[in-house]
Amino acid sequence: MAEIWGEPAPQPLAGNGDDTYYLNMGPQHPSMHGVLRLLLHLRGEEILEAEPVIGYAHRAHEKMAENRNYLMFLPNSSRVDYLSGMIYNLAYCQAMERLLGIEVPERAEHIRVIVSELNRISSHLLWFGTFLLDLGGVTPFLYAFDDREEILTILERVTGSRLTYSYGRFGGVTQDVDALFVEQTLAFVARLRGRMPDYHALVSDNVIFRHRCEGVGLIDQATALRYGVTGPCLRACGVPYDLRRAEPYGIYSRFDFEVPTQPAGDIFARYLVRLAEMEQSCRIIEQAVAALPAGPIMPEKQKKRFKPEVGESYFAVESARGHFGIYIVSDGSELPLRLKLRTPSFANLSAVAAVLKGTMIADTVAILGSVDVVLPEVDR
Amino acid sequence: MAEGAVASEHAQRLRAELEAGLDLGPRWSALEGASSGFARCHAVSVEALPRLAGAFARAGYFLELLTCLDLRQHEGRMRLVYTFNCFAALDRWRLHVDLAPTRPWSGPAAKPARAKKGAAAALDAATDAAAAPAAAPLPVEAPSLVASFPAADWLEREVFDMFGVRFAGHPQLKRLLLPEDADFHPLLKDFGRMDAVAAPGAGPAMGPGGGADG
Amino acid sequence: MSVLVRLLRGIWSLMLGLGVTLKNLFRRPVTQTYPHQKPELSAAFRSAIALVNFPASGSHDCVACMQCVNICPSFCIKVEGDKPEGLKRKRATVFEVDYALCSLCGLCIDVCPTNTLKYSKTYDDVGYRRDQFVYDLLTPFRAGEAAWRERARVAAVEAAQPASAGPAAAAGEPEVGR
């Protein structure tokens, strides 16, 4: 096949002498968080080279977008990253609203912020649980899933779905929230705050955990910049870059919250940043709930067919994993000429190969887990 | 966006780098502004691209996005779109490079009426340069930016994977998302729909979306 | 810091963690033992689409406009319709959904001009073959279809005659609302 198109033939792997050992981790490996294959070149326990092999979960979302009209891509958007489906779904809606010039009612904007932040917390909680499961701690996993279940229940009551929400529409959201939603949300925020000391006592101060995490898997600022690493991984090396602050979208500019950072850039720093982010999300939720106005959740005049003007638009949001961008090129028809998804895990995973070089094989799972890659999002 | 906000340290460094005789090419100000999310847009030449990328790298920018547009049907070219941004204050630059297609267009012929108001024509009208570079032949290969941005490694492999665009100087230009033995580039517009591979005899499948000529 | 202090601190950190687990040992279990306990479904719960049975007309109100077919991102809806005798609107004769393909996005429900689509609440459908998930949404309405058509025809005839709005007039044009 290769010679048909004049493409380069596959190169044989370059070994470092006779004692290089090649190890395939994945694609079916319990700690690979999906279907990632890591091709490790080892000398003893040291990793000489780590080559992520991706594409096992490629579902051609970008091709699908070109074959469907703008509205029909909506359910795809929450399936790109199944852990923060709400954020991605609403990001696509917001990108289209900017392209089409649709005004979103105030109430819908507030609801969007609340559900997005709930979704962010649920994603971080799932990361917390599975990351510790990777490190061998089963108990925190159960506690985190217990908390996450609360969020899923709250969101299911409003959206009708637990993972792939398809909650947003161009101009607003599908279902209105009620007083019980507000009550449940505030109760959850209080509950999570009550659980945080437990999490810190159980995990953050645990001597075994600290030994495995401190000083391991360093991503410094230079590496982050060269690979375009964003999200908690970037903030864990001291760069306070959060799109909710740097390029405020929706109504995020109205809320008072901090961008937690850590200077160290190691696994423990990434862990601390995510835990601190959950608290900041709680603060945003409280402010949004307090400011939740009455009113419509969709614009009065709703269009059925969407035909944006000829042009290009890049819209970016801060997902639970970092900078998620949607680049839409419209040729004036009902179908996008090109819809490119810039996913944070893609960039973060490409940096993992550089980070893994020179580390010990026993740290691989910890480093990979701490970066929090979601493979369907990498492969799209 | 770029002009209004106080220029960050990175933006100042970038400006200093760019003033050192780098050719940015014609500016496309119609694509700039809050509605598109880009602070500056330029059509750059292939020759200037590696040096520009070096300038962005030295100024502390990161490669946010690299993708390709298949404009073969109406314009007879491929277009690579690079987006650079920095972590400090928002300053998103969009640079694009036009390339000659490595494979000729094999889909339905371009309709002249549509070509007139198609994306390519309308976007071309947006350029600030009075004289469009019409006569100059398009380059067939883009230079790889891996030396300046390791992030370009995977992004260029993905573009190669999906569009068949080649990057000169890439250390390992092989398939990224598709199987290594794949012999197609699915995001090309004449590829048809996804199921075109499953049913090769059927030709480009046409769905409610319009399939191949979408 | 001497080795002994570090050792003791490490042990103390483990004891603290064990204290958290001990505390949780006495909490009520949060697990739902599924087949024995049935989940409570929310009002917004989304499952395969179904046709609304309007009490006013005693049937659904699908006019086979094909809007749901055209908007479906999964191309999983199949609708055919005919024009009943004496009526101006079309009426669905085939309405099938391939639930195995459905992504439950709800776009069909959004576009339906007569609001005759809704989500059903089944969550435990199983099958051995994919074609078992091709649902015929008209099944519950088959028995009453002939009667509905007759009522609608009569209503249309009566509506055509001025000033004779009988009680059956409502049957042809059911009240729309959700």
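The sequence lines fix the lettering, A, B, ..., with proteins before strands; numbering per chain opens at 1.
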Flag for A:Asp220-A:Thr223: side-chain donor and acceptor within less than 3.5 Å: yes
Residue [X] versus chain A: region with a heavy atom under 4.5 Å:
X        : answer
B:Cys86  : backbone
B:Asn85  : side chain
B:Leu145 : neither
B:Leu178 : side chain

Closest-packed option against chain A by number of heavy-atom pairs under 4.5 Å, given B:Pro186, B:Pro150, B:Ala151: B:Pro150
Chain A contacts, top residue of B:Thr67, B:Leu66, B:Leu63 (heavy-atom pairs, under 4.5 Å): B:Thr67
Can you tell which part of [X] gets under 4.5 Å to a heavy atom of chain B, answering side chain, backbone, both or neither?
X        : result
A:Phe315 : neither
A:Leu99  : neither
A:Ala222 : neither
A:Pro52  : both
A:Phe346 : both
A:Val53  : neither

Side-chain ion pair, [X] and [Y], N-O less than 4.0 Å:
X        : Y        : result
A:Glu62  : A:Arg380 : yes
A:Glu109 : A:Arg254 : no
B:Lys174 : A:Glu51  : yes

Could you check whether [Y] and [X] have their ring centres less than 6.0 Å apart?
X        : Y        : answer
A:Tyr249 : A:Tyr252 : yes
A:His41  : A:Tyr22  : yes
B:Tyr82  : B:Phe56  : no

Any donor-acceptor N/O pair, A:Arg321 side chain to A:Asp81 backbone, under 3.5 Å: no
Donor-acceptor pair, side chain of B:Arg175 and main chain of B:Ala182, under 3.5 angstrom: yes
Chain B interface, residue from A:His58, A:Arg342, A:Arg245 that has the most non-hydrogen pairs under 4.5 Å: A:Arg342
